[in-house]
Enquirer: 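Below is a structure I'd like to ask you about.
All values reported here derive from a predicted model rather than from experimental measurement.
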Amino acid sequence: MAGAVALVEGERVRLVEDLALGGASAGEDGPLVGFLLLGAGVEGTVVRVTGELPPPEEVREYERLRALFEDYGHTMPAESLRRLEAQLAELEPHWREFGAQGPRSSVRVRFDNGFVLDDADAAAFARP
């Protein structure tokens with residue numbers, strides 16, 4: 001996906017990549033009828049910016065382990081400390097990438113074809 005873009009209500013946007021939505025049904029309790037594919041380049045209008053998205057699981061785990069390391073690392077047995085440092089090293093790229101992207105928001109977009117996509121990551125869109 002593209003980098004984080006600060007979108008505002010009423011702004012025109014374009015879908016950056018193909019988007020496949022599975023499990024489409026003919027009603028709330030209706031049978032599944034397939035999936036929907038919105039092709040890259042389809043345009044629409046931002047109806048609402050719904051808020052900031054939570055960080056990914058890897059980022060939350062890095063922050064949890066980092067706090068553990070900073071608070072209790074000096075009291076841990078050597079092997080436990082090495083394991084914790086290895087886990088932090090494995091998760092750090094996710095944390096750095098998240099920090100470089102900045103806060104991400106979710107949006108509701110009404111496409112020109114009438115479809116509405118709600119709670120979508122704003123990074124999935126670009127200005128036309």
Side-chain angles (χ1 to χ4, degrees):
M1 300 255 162
V5 177
L7 299 176
V8 295
E9 290 181 16
E11 184 174 27
R12 296 285 299 164
V13 292
R14 170 182 53 79
L15 191 60
V16 176
E17 295 180 3
D18 289 350
L19 178 63
L21 305 170
S25 65
E28 190 172 313
D29 294 325
L32 295 179
V33 294
F35 68 93
L36 175 66
L37 177 65
L38 293 172
V42 66
E43 294 187 5
T45 304
V46 176
V47 175
R48 179 176 65 234
V49 178
T50 55
E52 190 172 312
L53 293 173
E57 180 63 34
E58 296 87 359
V59 171
R60 291 193 306 268
E61 182 66 3
Y62 175 86
E63 291 171 343
R64 184 185 75 78
L65 293 176
R66 188 73 196 174
L68 180 67
F69 176 79
E70 290 173 359
D71 292 344
Y72 301 105
H74 65 284
T75 65
M76 293 179 146
E79 185 57 34
S80 296
L81 184 58
R82 277 194 292 276
R83 221 176 14 248
L84 179 58
E85 288 171 336
Q87 289 175 306
L88 284 168
E90 184 179 317
L91 293 170
E92 188 169 1
H94 297 281
W95 182 76
R96 287 188 186 280
E97 180 182 338
F98 180 75
Q101 289 176 347
R104 294 173 25 201
S105 61
S106 62
V107 295
R108 179 182 181 119
V109 174
R110 180 174 302 278
F111 292 104
D112 295 343
N113 61 11
F115 289 116
V116 175
L117 184 61
D118 201 10
D119 287 332
D121 188 338
F125 301 95
R127 293 176 178 90

Enquirer: May I have the step-by-step check of salt bridge (charged side-chain N to carboxylate O under 4.0 Å, His left out) for E63 and R66, ending in yes or no?
Expert: CA-CA 5 Å; E63 291 171 343; R66 188 73 196 174; over 6 Å; no

Enquirer: Might you point out which heavy atoms bring V16 and F125 nearest each other, and give the distance in Å?
Expert: CG2-C, 3.6 Å

Enquirer: With side-chain contact (heavy atoms from CB on, under 4.5 Å) as the criterion, how do D118 and R48 come out once you've worked through the C-alpha distance, each side chain's angles and the decisive distance to 0.1 Å?
Expert: CA-CA 9 Å; D118 201 10; R48 179 176 65 234; 3.6 Å; yes

Enquirer: Out of curiosity, does L15 fall in the hydrophobic cluster containing V116 (side-chain heavy atoms, cut-off under 4.5 Å, transitive links)?
Expert: no

Enquirer: Can you tell me how far CD of E9 sits from OG1 of T50, rounded to the nearest 0.5 angstrom?
Expert: 10.0 Å

Enquirer: Is D18 reaching over with its side chain to a backbone N or O of A40, donor-acceptor style, under 3.5 angstrom?
Expert: yes

Enquirer: Taking all heavy atoms of V46 and all of V13, pick out the closest pair and write down the distance.
Expert: CG2-CG1, 3.7 Å

Enquirer: To the nearest 0.5 Å, what is the distance between CG (D71) and CE (M76)?
Expert: 10.0 Å

Enquirer: What is the distance from atom CG of L91 to atom CD of E57, rounded to the nearest 0.5 Å?
Expert: 9.5 Å

Enquirer: Any ion pair linking R82 and E79 (charged N to carboxylate O, less than 4.0 Å)?
Expert: yes

Enquirer: Between atom CG of L81 and atom OG1 of T75, what is the distance when rounded to the nearest 0.5 Å?
Expert: 9.0 Å

Enquirer: Roughly how far, to the nearest 0.5 Å, is the CG atom of L37 from the CG atom of L19?
Expert: 7.5 Å

Enquirer: Where do V49 and L7 come nearest, in terms of heavy atoms and distance?
Expert: CG2-O, 3.3 Å

Enquirer: Is V47 reachable from V42 through a run of hydrophobic residues whose side-chain heavy atoms are each under 4.5 Å from the next?
Expert: no

Enquirer: Is it true that atom CD of E90 has more than 12 heavy atoms of other residues, nucleotides or ligands lying nearer than 6.0 Å?
Expert: no

Enquirer: Are any of the side-chain nitrogens in D112 or R12 under 4.0 Å away from the carboxylate oxygens of its partner?
Expert: yes

Enquirer: Say you draw a straight line from CZ of F69 to CD of Q87; how long is it, rounded to the nearest 0.5 Å?
Expert: 12.5 Å

Enquirer: Please step through salt bridge (charged side-chain N to carboxylate O under 4.0 Å, His left out) for the pair E61 and R64, ending with a clear verdict.
Expert: CA-CA 5 Å; E61 182 66 3; R64 184 185 75 78; 2.8 Å; yes

